[in-house]
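The figures that follow rest on heavy atoms only: side chains count, while hydrogens, waters and symmetry mates do not.
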Amino acid sequence: MPKRVDHDEKRRDLAEALFRIASAKGLQAVTLRAVAAEAGVSMFQIQYYFPTKEEMLRHAWRRITELGAERAGKGIAEAAETGDERAVIRACVLGVLPTDERTRMLCAVQIAYFAVDVTRGSQAPDQQAMYPHLVRLIADQLGHARERGRISPGLDLQLEADALAIMTAGLLSAMLVDAYDATRAAEIVDYRLDRLFTG
């Protein structure tokens, strides 16, 4: 009997090869041939899964967002069980920051994709699921907190959510260049949240 191939696993393996290249050299170094070599497969095999570079880039971006959601999801779920909106927002923010070699690599790939977005516009892989999703989560939690009197009723929740997401993006970039470590990043997040939550 021929060995049964898990096509989803193979696509994940190829995405990991792409991540290694992109985190070290940027997306400009990503080609079908380079990913094939990194993954130790033939061009025929990689083209079976991804006929074009654009299809491969789009798949890898979807995989990045899946991994990010998985990484943050556990902490968010645990915080949600407490019913504490501040804890949920904290988990949302800290859950996307790089804290070890694996998450540093994934965050570096995200930055590489953002650079492509800036220079290539609509041709770049769709990134709409990333920060807008974070903003919605934060805004929802701020809305619940306002209903319970835990934040000032005069706050613009959308602007506050946008500001927290932008702060998160800045912290992510700063941590990648070692301007801040995870401890300092958490202190910054807590400082900001302490000024939002009043009770």
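The number of heavy atoms from other shown groups lying within 6.0 Å of OH (Tyr180) does not exceed 12. Atom CD of Glu101 has 12 or fewer neighbouring heavy atoms from other residues, nucleotides or ligands inside a 6.0 Å radius.
Checked by atom type and distance alone, the side chain of Ser173 never pairs as donor or acceptor with a backbone atom of Gly170 at under 3.5 Å. A donor-acceptor pair under 3.5 Å links the side-chain atoms of Arg146 to the main chain of Leu155, judged by distance alone. In this structure, the side chain of Arg11 does not engage the main chain of Ala60 through any donor-acceptor pair within 3.5 Å. Using modelled atom types, one side-chain atom of Gln45 and one backbone atom of Ser42 make a donor-acceptor pair closer than 3.5 Å.
Contact annotation: the side chain of Glu85 approaches that of Arg148 to within less than 4.5 Å [non-hydrogen atoms, C-beta and beyond]. Within the 4.5 Å cutoff, no side-chain heavy atoms of Asp181 are placed close to those of Met175. Residues Tyr48 and His7 form a side-chain contact, since some pair of their non-hydrogen atoms from C-beta on lies under 4.5 Å apart. At least one side-chain heavy atom of Leu67 sits under 4.5 Å from a side-chain heavy atom of Arg102. In this structure, the side chains of Glu55 and Tyr49 stay at 4.5 Å or more apart for every pair of heavy atoms. Residues Arg86 and Leu196 have side chains not in contact (no heavy-atom distance under 4.5 Å, counting atoms from C-beta outward). Looking at Val30 and Leu27, their side chains come closer than 4.5 Å, going by heavy atoms from C-beta outward. Looking only at side-chain heavy atoms (C-beta outward), Thr52 and Leu32 stay at 4.5 Å or farther from each other.
The pair Asp190-Arg195 does not meet the salt-bridge criterion, since no charged nitrogen lies less than 4.0 angstrom from a carboxylate oxygen. For Arg184 and Glu187, the salt-bridge test passes: some basic side-chain N is under 4.0 Å from an acidic carboxylate O.
To the nearest 0.5 Å, the span separating CG on Leu171 from SG on Cys107 amounts to 11.5 Å. Taking CD1 from Ile111 and OG from Ser23, the interatomic distance works out to 12.5 Å, rounded to the nearest 0.5 Å. Here Gln158 contributes atom CD and Arg136 contributes atom CZ; the two are 10.0 Å apart, rounded to the nearest 0.5 Å. Atom CD in Glu160 sits 7.5 Å away from atom CD1 in Ile151 (nearest 0.5 Å). With rounding to the nearest 0.5 Å, the separation of CZ in Arg33 from CD in Gln47 is 8.0 Å. Rounding to the nearest 0.5 angstrom, the gap separating the CD1 atom in Ile64 from the CG atom in Leu106 is 4.5 Å.
Heavy-atom minimum distance, Leu97 versus Thr168: CD2-O, 3.7 Å. Residues Ala186 and Arg90 come closest through the heavy atom pair CB-NH2, 3.9 Å. Nearest heavy-atom pair across Ala36 and Ile46 is N-CD1, 3.7 Å. Considering all non-hydrogen atoms of both residues, Thr103 and Thr99 come closest at OG1-N, 2.7 Å. Contact record, Pro98 with Leu176: CG-CD2, 4.2 Å, taken as the closest heavy-atom pair. Annotation for Leu157 and Gly143: closest pair CD1-CA, 3.5 Å, computed over non-hydrogen atoms.
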Walk me through it: do Met105 and Glu16 pass the test side chain to side chain contact (heavy atoms under 4.5 Å, CB included)?
CA-CA 10 Å; Met105 179 187 76; Glu16 289 291 332; 3.9 Å; yes
When you look at Asp8 and Arg12, which way does the side chain to side chain contact (heavy atoms under 4.5 Å, CB included) test go after all the steps?
CA-CA 6 Å; Asp8 289 337; Arg12 288 193 292 269; 3.7 Å; yes
Test salt bridge (charged side-chain N to carboxylate O under 4.0 Å, His left out) on Asp84 and Arg150 and set out the steps.
CA-CA 10 Å; Asp84 182 349; Arg150 299 197 63 207; 2.8 Å; yes
What do the steps show when you test Glu81 against Ile76 for side chain to side chain contact (heavy atoms under 4.5 Å, CB included), and what is the final call?
CA-CA 9 Å; Glu81 289 180 1; Ile76 293 171; over 6 Å; no
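Grouping the Ile, Leu, Val, Met, Phe, Trp and Tyr side chains by contacts below 4.5 angstrom, directly or via other members, places Leu94 with Leu172. Hydrophobic clustering, with ILVMFWY side chains joined whenever heavy atoms are under 4.5 angstrom apart, groups Phe50 together with Leu18. Under the 4.5 Å side-chain contact rule for hydrophobic residues, Val96 and Leu137 do not share a cluster. A continuous path of ILVMFWY side-chain contacts below 4.5 Å connects Leu164 to Phe197, so both sit in one hydrophobic cluster. In this structure, Val88 is not a member of the same hydrophobic cluster as Val189, with clusters built from ILVMFWY side-chain heavy atoms closer than 4.5 Å.
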